[in-house]
Number of protein chains: 2
Amino acid sequence: MSTEGKGINAMNEPRPDNRERIIEAANRLFYTKGYNQASFADIADEVGISKGNLHYHFRSKVDLLEAILVVRMKEVKNNLAQWDEEYPEAKDKLRRFVQMLLSEEAELVRYGCPLGSLNMELGKYQPELRDQSRAMFDLFRSWLEKAFKQLGCKDSQSLSTHLLTMAQGAALMTYVYADSQLLKDECSKILEWIDSL
Amino acid sequence: MSTEGKGINAMNEPRPDNRERIIEAANRLFYTKGYNQASFADIADEVGISKGNLHYHFRSKVDLLEAILVVRMKEVKNNLAQWDEEYPEAKDKLRRFVQMLLSEEAELVRYGCPLGSLNMELGKYQPELRDQSRAMFDLFRSWLEKAFKQLGCKDSQSLSTHLLTMAQGAALMTYVYADSQLLKDECSKILEWIDSL
DNA sequence: GTCTATAAGAAGATAGAC
DNA sequence: GTCTATCTTCTTATAGAC
């Protein structure tokens, strides 16, 4: 798929990194505007290339979305792996998860949760992509489950689902009310719950 | 596109109730397909009228949405008023709220929460309608707050927000995983929390 | 690889006959 | 009130020159 190391022309010079730049821009726009509202024109404009060029790199919008899901999956995996290194203690892992919400306050208020909103949208519009979109949730879910197991909880599966559920609820309400205080309050409650385990 | 015969009269006869039928169909389609994915053609087809006729009753899509928001607001108000009558006890009121989720299991699994999904969608697409869409949340929020106050809780506001947050999280996760068991488990946890108050 | 030009279709919305 | 026909704009996607 990658076409690296091509010669550089005089005019219409190739930008070997354009594919990456497209993915970056689309990743951002699919989040901020939503998948269906972010058009090829928007993305091409953002990158500074023509729509035709965009279609050269990605035949269809679904192709582009799939490439972005791959990127997001990788990002989540990297984050979780890093947290595993930094926080050997199970409860610290759980707290770090909640801390993610707080550190994304500004984006949550303006655009909602990138996982939750994409899953809502794809569920209604692109049923065939639900599985891939849901896979990001699965990463968090199984990582949290491992942490609960490490903590010695029997019902680690239901606890991980519960934590994810509270986080999604908090993210959604934060977005609906565009209220960062709401986010802080809900995260405090989640952290208290973690402490009480 | 089909100009299906209504079989009742000969030609172009007035249907005084078409306006109501349009609202019903649009209300359903805005929920099941989403506001942006439900087109005028979809709605006209569902009602069995032409797009032109639809535009006679509602000049724009936003007009139609506003009419539907009025209907939904009324429905929520009616529900809350009825629950007030049926459940004088504060905790019973809170339980009834959770019961609503369980009784909407099939719809939540397939289409998500009508309030949550609409708010997510309008937030990204129609910022000018966020306030109206959010108003449905406000109805629940203040009703719950009253119940918590009746129960003697000082922090009734934060508790009502918290309950709404958990409900939204549960609805979203139920939808993403199309998992009715998840809904039952989360509702059980919420009910336990209510009991513990 | 990149561009311009254009197809092909769907969307919201309007005009005018009946 | 209802219809058909049409307009305009936006969308995804393709064709072909450079």
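The figures that follow rest on heavy atoms only: side chains count, while hydrogens, waters and symmetry mates do not. In what follows, chains carry the letters A, B, and so on, assigned in the order in which the sequence lines appear, proteins first and then strands, with residues in each chain numbered from 1. As the structure is a prediction and not an experimental result, all values here were calculated from the model.
Judged by the 6.0 Å and 45° rule, B:R141 forms a cation-pi pair with A:Y177.
Taking atom CG of A:N53 as the reference point, atom C1' of C:dT4 lies 12 Å away to the nearest angstrom. Residue A:H57 contributes atom NE2, which lies 12 Å from atom C1' of C:dC3 at whole-angstrom precision. Between the CG atom of A:L54 and the P atom of D:dT14 there is a distance of 13 Å, given to the nearest Å. Protein atom OH of A:Y56 is 16 Å distant from nucleotide atom P of D:dA15, rounded to whole Å. Between the P atom of D:dT2 and the CZ atom of B:R19 lies a distance of 12 Å, rounded to the nearest Å.
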(request) Mark up nucleotides 6-13 of chain C, 5' to 3', with B wherever a protein heavy atom is under 4.0 angstrom from a base atom, S wherever such an atom reaches only the sugar-phosphate, and - elsewhere. (result) -----SSB

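Judged as a side-chain hydrogen bond (donor to acceptor under 3.5 Å, both in side chains), and not counting sequence neighbours, B:E85 has no contacts. For A:S188, there are no side-chain contact (heavy atoms from CB on, under 4.5 Å) partners, not counting sequence neighbours. Looking at residues two or more places apart in sequence or on another chain, you find a side-chain contact (heavy atoms from CB on, under 4.5 Å) between B:D185 and B:Q181.
Within the structure, every side-chain polar atom (N or O) of B:N18 is placed at least 4.0 Å from both OP1 and OP2 of D:dG1.
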Would you mind writing out the side-chain donor-acceptor pairs for residues 105-116 of chain A within the sub-3.5 Å range, not counting sequence neighbours?
none

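Sorted by first then second residue, the salt bridge (Lys or Arg N to Asp or Glu O under 4.0 Å) pairs that include residues 46-63 of chain A, not counting sequence neighbours, are A:R28-A:E46.
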